[in-house]
Enquirer: 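Before anything else, here's the structure in question.
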Amino acid sequence: MQPFESVLAPMLKAYSKLAEDDLPLSAPPNLALGDVAVPMFLAAKKHGTAPVLFAKEVAESVAFGPEVISVAAAGPYLNLKLDRPAFAKRIVAAVLADGDRHGSNGSGRGMRALIEHTSINPNASPHVGRARNAMIGDALARLFRFEGYDVEVHYYVNDMGRQIGLLVLIADELEDLSFDGILDAYVRANARAEKDSAFAGQGYALLAKMEEGDPETQERFRRITDLCLQGQLAVLARLGATYDVFDHESEYLKDPRLDAVLEALRARGALFTDDEARLVVDLAKLGHTAEEGRYFVLMRANGSSMYGCRDLAYTIAKEEKGADVNLIVLGEDHKLYAQQLAMILEAAGHKAPEAVYYSYILLKEGKMSTRQGNVVLLSDFLDQAAALAAERVAEQCHDITPEEQRTIAEQVAVAAIRFAVLRVNANKNVIFDMDAALSFQGDTGPYVQYSCARINSILRKYGKPLPDTPGHAFPLAADAEWALLTRMAAFPGVVDTALRQRTCAPIAGFALDFARAFTTFYHECPVLQAGDPAIMEARLLLCRAALQTLRNALHILGIQAPERM
RNA sequence: GUACCUGUAGCUCAAUUGGAUAGAGCGCUUGGCUACGGACCAAGAGGUUGGGGGUUCGAGUCCCUCCAGGUACGCCA
């Protein structure tokens with residue numbers, strides 16, 4: 001979709017050196033200056049003159065067609081006033097024609113993406129901090145799918161390790177262990193291991209048996225990790241997060257892929273056995289300069305393998321799938337570890353996955369700590385939010401069934417948390433405010449959903465069939481209408497930058513800005529009471545295109561757009 | 001101690017990646033329901049972009065330095 005061709009083409013024709021990318025259309029600070037602006041920095045550089053001079057030259061010399069009403073240079077900017085109805089018609093027609101695909105640039109067609117995310121240790125119910133991984137990862141998967149990638153989502157189940165061993169041990173003492181009891185058991189197991197060294201030793205022994213491949217032990221581990229995983233997945237499913245493949249850490253024990261890595265490390269002289277008989281990688285031999293993080297332990301003195309061994313094999317297994325994009329979503333606490341892993345992989349001729357890091361979600365009281373009990377569990381948040389939303393829905397939509405009301409309330413709750421998390425840049429520590437997250441006012445997912453509900457309400461009240469595309473007359477020229485139109489046209493660009501930067505935060509920002517622009521339109525431009533039938537029809541089609549745009553943005557974020565709420 | 005991330009309005013966050021007068025929401029003040037749905041809108045107050053230096057036509061953004069918070073740093077996963 002390039003609805004502004006009649007703006008760009010005359011300039012491209014007059015200056016053959018310029019390409020479309022040199023003339024990025026943007027919005028002027030206010031509509032009094034113009035309908036669109038072109039910053040001339042890039043173009044002037046290519047043309048070899050100063051931006052201010054070049055803007056003046058273009059304004060005076062380029063012959064624009066009839067759709068451009070006026071051109072004015074304002075410093076390094078070119079401000080143009082346009083025949084708004086002509087552009088409006090083209091933009092709305094394009095959005096309606098693209099439908100569910102409006103916003104997609106199709107940049108991933110014919111390509112595959114592998115995304116690993118969530119991968120929570122199977123020992124507790126996810127809190128909103130951990131769930132940040134799932135929300136970021138799931139939204140990225142949706143973004144890549146939207147752009148045309150064939151996406152495969154992987155979940156790595158950490159079903160090995162000392163903590164799981166302890167959990168298995170303590171589970172034996174409990175009758176009827178349920179998912180809800182796991183967190184409690186986990187805390188007790190760890191506390192006991194700290195005091196009771198015999199108990200801790202038992203944990204290691206069990207782990208050793210697991211690693212040897214003892215079937216009965218593997219069965220015990222699998223029972224506990226499955227219980228946890230199913231409980232976690234049930235909560236994540238409420239968010240709408242889905243996974244294609246579950247990979248278990250225990251499947252990568254004694255993996256031949258690791259032997260090849262060890263050989264490569266040995267050849268580089270980077271592998272040594274330290275004075276306590278551990279097998280260690282000296283990353284300095286691979287180009288690591290700092291002293292911290294220089295050593296990476298692979299095997300314990302007793303010959304049992306560390307997490308990194310399995311992770312190396314697993315990461316190579318993922319690489320072997322040959323996806324065009326290989327992403328992994330990691331907490332910032334894994335940054336050094338992932339860099340170490342990448343260094344080892346590269347030394348062995350492999351390519352590490354591209355990591356997307358996120359920082360922790362904090363509470364006003366400080367860090368979330370499972371042990372200290374100051375956590376906000378995802379399921380608790382969703383329950384509270386859904387209950388609040390249900391009250392509102394019951395007030396406003398009393399003529400629909402209770403089941404439908406519950407469905408909508410749940411959709412609002414999910415929107416609240418997903419939007420709150422996704423709209424913030426991933427590398428920022430965010431402070432989670434429970435009251436703010438439950439308010440549904442202002443910069444929130446429910447606010448965006450509310451805009452959709454209003455549009456649906458208008459279309460529902462109109463009640464008659466609408467043409468699929470604008471007719472001859474399309475008299476949309478008001479500022480509030482124009483603000484909506486330029487945003488619709490800008491959506492593919494937002495999707496493109498989001499994809500390139502591997503973050504859905506710009507999509508959330510766009511949705512919010514768009515919803516606000518719609519509400520302004522809603523208050524300023526009557527649709528069903530427009531008077532003139534041509535204006536009414538044009539505004540109805542504008543509403544439909546706006547709804548399509550919002551739905552597509554929300555779809556990427558994993559948020560439903562209920563017709564009523 | 002060292003490395004990486006962050007610091008923007010009272011609070012929670014934006015800022016087209018170096019570009020026009022740094023924008024929203026919450027909270028506060030004022031106004032708007034004879035309604036296409038008030039989970040709303042309009043207006044107002046609120047800023048030395050943590051401090052200091054530098055780079056250039058131009059810096060919240062890049063460089064140096066100090067301060068504060070987060071994260072990590074050899075047998076956790």
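Below, chain A is the first sequence line, B the second, and so on; all start at residue 1. Here the structure is a predicted model, which means the values were calculated and not measured.
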Enquirer: Nearest to the side chain of A:Asn30, heavy atoms from C-beta on, is which of B:A77, B:C13, B:U21?
Expert: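 Selected nucleotide (nearest to the side chain): B:U21.
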Enquirer: Using a cut-off of less than 4.0 Å, is there contact between a side-chain N or O of A:Thr520 and OP1 or OP2 of B:A42?
Expert: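 Yes, A:Thr520 has a side-chain N/O under 4.0 Å of OP1/OP2 on B:A42.
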Enquirer: For A:Phe41 and B:U56, what is the distance between atoms CZ and P respectively, to the nearest whole Å?
Expert: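 It is 18 Å, rounded to the nearest whole Å.
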Enquirer: Assess whether one donor atom and one acceptor atom, taken from the side chain of A:Glu276 and the base of B:C75, lie less than 3.5 Å apart.
Expert: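 Flag set: donor-acceptor pair detected.
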Enquirer: Could you check how far CG of A:Leu42 sits from P of B:U16, rounded to whole Å?
Expert: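 So the CG-P distance, A:Leu42 to B:U16, works out to 14 Å.
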Enquirer: Between the side-chain atoms of A:Asn79 and the base atoms of B:A20, is any donor-acceptor pair under 3.5 Å?
Expert: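 Yes.
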Enquirer: Which is true for A:Tyr462 with a 4.0 Å heavy-atom rule: it touches a base, it touches only sugar-phosphate, or it touches nothing?
Expert: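 It contacts nothing in the nucleic acid.
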Enquirer: Check the chi torsion on B:G74 and let me know: syn if it falls within 90° of 0, anti if not.
Expert: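 It is syn.
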Enquirer: Rounded to the nearest Å, what distance is computed from the CZ atom of residue A:Phe432 to the P atom of nucleotide B:C26?
Expert: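 Atom CZ in A:Phe432 sits about 18 Å away from atom P in B:C26.
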Enquirer: At under 4.0 Å, does any side-chain N or O of A:Tyr295 touch on OP1 or OP2 of B:G74?
Expert: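 No, outside the criterion.
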Enquirer: Measure CG/A:Leu167 against C1'/B:C76 and give the value in whole Å, please.
Expert: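 Taking atom C1' of B:C76 as the reference, CG of A:Leu167 is at 15 Å.
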Enquirer: Whole-Å distance between B:A35 P and A:Glu395 CD?
Expert: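 So the CD-P distance, A:Glu395 to B:A35, works out to 20 Å.
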Enquirer: Using a cut-off of strictly less than 4.0 Å, decide whether A:Asn429 has a side-chain nitrogen or oxygen near OP1 or OP2 of B:U71.
Expert: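 No, no such contact exists.
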Enquirer: Base, sugar-phosphate or nothing for A:Tyr204? Non-hydrogen atoms, less than 4.0 Å.
Expert: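 Sugar-phosphate contact only - A:Tyr204 comes under 4.0 Å of backbone atoms but never of a base.
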Enquirer: Tell me whether the side-chain N/O atoms of A:Lys428 come closer than 4.0 Å to OP1 or OP2 in B:A14.
Expert: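 Yes, because at least one side-chain N or O of A:Lys428 sits under 4.0 Å from OP1 or OP2 of B:A14.
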Enquirer: At under 4.0 Å between heavy atoms, what does A:Val393 touch on the DNA or RNA strands: base, sugar-phosphate, or nothing?
Expert: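 The answer is base, as A:Val393 lies within the cut-off (heavy atoms under 4.0 Å) of a base atom.
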Enquirer: Please give, in whole Å, the distance from B:C76 C1' to A:Glu194 CD?
Expert: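 A:Glu194 atom CD is separated from B:C76 atom C1' by 12 Å.
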Enquirer: Taking the side chain as C-beta and beyond, is there a heavy-atom pair between A:Tyr337 and A:Asp311 under 4.5 Å?
Expert: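 The answer is yes; the side chains approach within 4.5 Å.
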Enquirer: Taking the side chain as everything from C-beta on, heavy atoms only, tell me whether A:Val430 gets closer than 4.5 Å to A:Arg132.
Expert: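 The answer is yes; the side chains approach within 4.5 Å.
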Enquirer: Counting side-chain heavy atoms from CB outward, which of B:A39, B:C4, B:U71 is closest to A:Tyr360?
Expert: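 That would be B:U71.
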Enquirer: Within the pair A:Asn121 and B:C76, is there a side-chain N or O less than 4.0 Å away from OP1 or OP2?
Expert: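 Checking A:Asn121 against B:C76: no side-chain N or O falls below 4.0 Å of OP1 or OP2.
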Enquirer: Between B:G51 and B:C11, how far is it from one P atom to the other, in whole Å?
Expert: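 One P to the other, the span is 14 Å.
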Enquirer: B:C64 and B:A20: how far apart are their P atoms, nearest whole angstrom?
Expert: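 Here B:C64 and B:A20 have their P atoms 25 Å from each other.
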Enquirer: Would you measure the distance from the P atom in B:U49 across to the matching atom in B:G7 and give it in whole Å?
Expert: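 Result for the P pair: 14 Å, nearest Å.
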Enquirer: Identify whether the glycosidic angle of B:U16 places it syn (within 90° of 0) or anti.
Expert: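 Anti, which is what one calls it when the glycosidic angle falls more than 90° from 0.
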Enquirer: Within this structure, what is the CD1-to-P distance between A:Ile361 and B:G70, rounded to whole angstrom?
Expert: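 Atom CD1 in A:Ile361 sits about 16 Å away from atom P in B:G70.
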Enquirer: Would you mind classifying the nucleic acid contact of A:Pro39 as base, sugar-phosphate or nothing, using non-hydrogen atoms under 4.0 angstrom?
Expert: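 Result for A:Pro39 = nothing.
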Enquirer: Check the phosphate of B:C41 against A:Tyr447, side-chain N and O only, distance under 4.0 Å to OP1 or OP2. Yes or no?
Expert: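 Result: yes.
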Enquirer: Does the side chain of A:Arg162 get closer than 4.0 angstrom to OP1 or OP2 of B:C75 through an N or O atom?
Expert: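 Answer no for this pair, as no side-chain N or O of A:Arg162 is under 4.0 Å from OP1 or OP2.
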Enquirer: By the 4.0 Å heavy-atom rule, please label A:Ala37 as base, sugar-phosphate, or nothing.
Expert: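 Counting heavy atoms under 4.0 Å across all strands, the contact made by A:Ala37 includes a base.
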Enquirer: Just to be sure I understand the rule, does A:Val527 reach a base, reach only the sugar-phosphate, or reach nothing, if contact means heavy atoms closer than 4.0 Å?
Expert: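 Base contact.
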Enquirer: Using whole Å, report how far CD of A:Gln441 lies from P of B:G27.
Expert: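 Those two atoms, CD and P, are 6 Å apart.
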Enquirer: Select base, sugar-phosphate, or nothing to describe what A:Gly509 touches, counting heavy atoms under 4.0 Å on all strands.
Expert: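 A:Gly509: no heavy atom of the nucleic acid under 4.0 Å.
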Enquirer: Tell me which nucleotide among B:G1, B:U21, B:A20 gets nearest to the side chain of A:Glu292.
Expert: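 Closest of the options to the side chain of A:Glu292: B:G1.
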